[in-house]
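A short worksheet on the structure shown next.
Basis for what follows: all heavy atoms, side chains included, without hydrogens, waters or symmetry-related copies. In what follows, chains carry the letters A, B, and so on, assigned in the order in which the sequence lines appear, proteins first and then strands, with residues in each chain numbered from 1.
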Amino acid sequence: MNAWTDIMLVVLILTTFWLLGSSRLASCIRICAIQGVATGLLGVVGGGLSIRVAAISLAVIVLKGLAFPWLLSRALRESNTSHEVQPFVGYVASLLVGVVILGLSFWADSCLPALSHVASRLVAPVAFALLIAGLFLIVARKTAVNQVLGYLVMENGIYTFGFGVVREIPALVELGVLMDVFVAVFVMGIAIYRINRTFDHIDSDQLTLLKG
Amino acid sequence: MTAGWILPALVAAPALLAGLSLLARSPRAALRTGAAATLALTLAAGGAVARVFLCGPLQCAGGWFYLDALSAYHLAILMLVFALCSCFAMVYFREEIGAGLFTRKLARRYQALWFGSLAAMNLVLVSNNLGVMWVGVEATTLLSAFLICIHATPQALEAMWKYLLMCSVGVALAFAGILLLAATASTSLSGHDALLWTRLMNPAVTLDPMLVKVAFIFLVVGFGAKAGLAPLHSWLPDAHSQSPSPVSAMFSGILLTTAMYGILRYIPLVERATGNTGWGREVLVALGLLSVLVGAAFVIGQQDIKRLLAYSSVENMGIITLGIGLGGLGVYAALLHTLNNSLCKSVSFCCAGRIGQIYGSLDMRRIKGMLKVSPLWGGGLLAGLMALIGVAPFALFISEFLTVRAAWQRAAYWPMGLLLFGLGLVFIGVLRKAIPMAWEVPESAPKPPPTHRAEALLVWLPLALLLLLGLWIPRPLGAMIAQAAAVLGATP
C-alpha cells in the first residue's frame, strides 16, 4: 500500500520536472493531465477506501485528467500559439530551479515538527515542492495557458498535502474546493479566449497597458 | 436556536436572485429590481445583526453557520455598501443604457454576477467552518472577475487577468495554511470538527505553535493578496480603475474588507497557540506599515482619479492591519476604521465615476472646476477625498487618531512615526490634486448634467453619516465595536 503511494508521489515529481522542461503547449497540457490523474489515484491507493474518498478521487480524476485538458486545448486551438517562445527563465535553468525547489522542500520538511498519521514520509516534501514549482511556473512563463497550468500544479500540491496529511477533511469542504478550482480554470479558459480575441495573442507578457 | 435559519437564507437568497436576474426584461428593470432586492436583503440582514448584538451569537446546521459580533459587524458594513452601490448603479448606467452600450444581455450578466458576489461574501461571513469560508473567498474572486470586464476593452481584460491570477494563487496559498492548521488540530479533534472555528477556539484543543506560525504566514500572504496588502497589491489599482464605478466602489468598499475578515478570524487562534506572545500581531504591524507606506508613495504620482483612490485603499487596509496588530485600543480603532473606510470609499468611487462620465476622462489634469460643473458629484468627490485624508470633523480622522494613540500607548514609537509620515504624504499628495480639480477655472466646461433629488440623497447621506460619526459615536455602535473587538481578544 505504502509503496503505491510512493510511486504516485514520484510520478508527481517527475511530471513536474517534465513540465518545467517542455515548451510545446499541447504537450504541457497533456503532462498536466497525467499529473492530475496521479493526484486523483493518490487517494485510491492510500488505503482505507471509503465511499467519500472514492467519490472525491473520481471527481479529481475526471476534472483534472479530462475536463481541464479538454478546456485548455480548446482555448489553445482558438489561438495561434503553439509554443512558449521566450520564457522569462529558460528550460535548462527551470530544471535547475526545480532541483533547488525539491531540495529546499525536503530541508523545510525536516525543520517542521513531524505530522502525525502521514501516509508516507514523502507526502509533505513532495506537496511542498509542487506548490513552489507551480508558483515558479506562473512567474517564469509568459503564455496564459502555461500560467493556468502552473496554477494547477500548485493546486495538485495542495490537494496532495490535504489527502496525505489531513485525511479527514469533511467531504463538503473538499467538494467545495474542487468546485472552486473547476470554476477557476473554467473562468481562466474563457479569459484566455477573450484575451485572444481582443489582442490576437495569449502572451500575458504583452498585457502591459496598465502601469504605475 | 430557531432564528439561526436566517444565516443560510442570507446566502441562498442572493444566489436565487442571481438566477432570477438572468430573466430580466430590460437593463433598467434589471438594475431597478436588483436595487430593490438588495435593500430588502439589507433589512433582513439588519435584523440578524441586531439579534446577535442583543441576544448573542446565532448558529445553525450543527454549527456550520455561525454569526458572532465580529462577523455581524462586518455583515452590517457589507449590506450597507451593497445597498449604496446597487442604488448608484441605476444612476451610473443610465447614460450607457441611453446610448445603447449597456444592453439587456450585459445587464443580465452584470446583475447575476453582482448577486453571485453578494452570496459568496455572505457565505464568508456566516460560515463557521474555515474550509467553507475559504470556498466563499475564492468564489468571490471568480464571480467578480467578469464584473471588471463587463465592457471588454483590452485594458479591462488585462486588469481582469491580473486580478484572477493573483487572487486565485494567493487564496490557494491560504488554503495550504488552512490545511496546516487542520493537520495540527486533527490530533485532538475528530475529522468533522477539525475546521470549525468555535471548536478550535475551545481551550482544550492543543495546537502546535510552530505549525500554527507557518499556517498563519500562508494565510496572511494568501488572504493579504486579496485584501490589497503590499507587496501583493499590484492587481488592485488596475482592477479598480478599469471596472465600472459601482463595481470599483463595491470592490474597495467591501471585497477587500471581506478578505481582511478572513485574516481576523485566525488571530485569536494564533494568539492562543503561541501563548499570547504577540507574534502574530507583530507580523501584522510590519505588513500594515509596509502597506501604508507603499500606498502613500504611489498616491503621489497618480494622474487617474480612480487609481489614486485605489492606492488610498492600499493605505487604508494598511492602517486597519496596523491597528489590529497593535491590539487593545488599536483593534477598536481598526474596526471603526473599517466602517469609515468602506463608507467613504464607496461614496468617493461613485462620485469619481460620475465625474469621469461628465468630463469623459478620469485624468485629473483634465478635470477642472468640478464644483461648478456638478455641485453634487464634484462636491461629493471633494468631500470624500477630504474625509479620506483625515480632515478633522470626519470619522476617518477619529479612527486614524485612535490608531496613533494606540501606538503611543504601546510605546511603539517607530510604527507611530512611520504611520504619521505615511498619513502626511497622503494628505499632501491628495490635496495637491484635489484643489485644482475643485476650483481651477476650466478652459471648456462640459455641460452640467441634470441631477435628480434622489441622487443627492445617495451622496450626502453617507457623507453626513461620516460627519456624524466623527463628532459623536452612538452608544449602540460603540458597544457593537467593543463586542466585535472582544472576539479578537482586545479589551480597550
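- Remark: the backbone N or O of B:Phe298 is paired with a side-chain donor or acceptor of B:Gln302 at under 3.5 angstrom.
- When the salt bridge (Lys or Arg N to Asp or Glu O under 4.0 Å) test is applied to B:Arg432, no partner is found at least two apart in sequence or on another chain.
- In terms of the side-chain hydrogen bond (donor to acceptor under 3.5 Å, both in side chains) criterion, residue partners of B:Ser312 (sequence neighbours excluded) are, by chain and number, B:Asn316, B:Lys345.
- Of the atoms belonging to B:Leu130, not a single heavy atom falls under 4.5 Å from chain A.
- Within the 4.5 angstrom heavy-atom criterion, only side-chain atoms of B:Val214, from C-beta onward, approach chain A.
- Heavy-atom proximity under 4.5 angstrom to chain B picks out nothing from residues 100-108 of chain A.
- Under the rule for a salt bridge (Lys or Arg N to Asp or Glu O under 4.0 Å), B:Glu138 has no partner lying at least two apart in sequence or in another chain.
- In the model, B:Asn128 has a side-chain atom that pairs as donor or acceptor with a side-chain atom of B:Thr198 under 3.5 Å.
- A salt bridge links B:Arg365 with B:Asp363: the distance from a Lys NZ or Arg NE/NH1/NH2 to an Asp or Glu carboxylate oxygen falls below 4.0 Å.
- Under 3.5 Å, the side chains of B:Lys226 and B:Thr141 contain a donor-acceptor pair of N or O atoms.
- Taking chain A as the reference chain and counting heavy-atom pairs below 4.5 Å, the highest number among B:Gly301, B:Ser234, B:Ala172 is found for B:Ala172.
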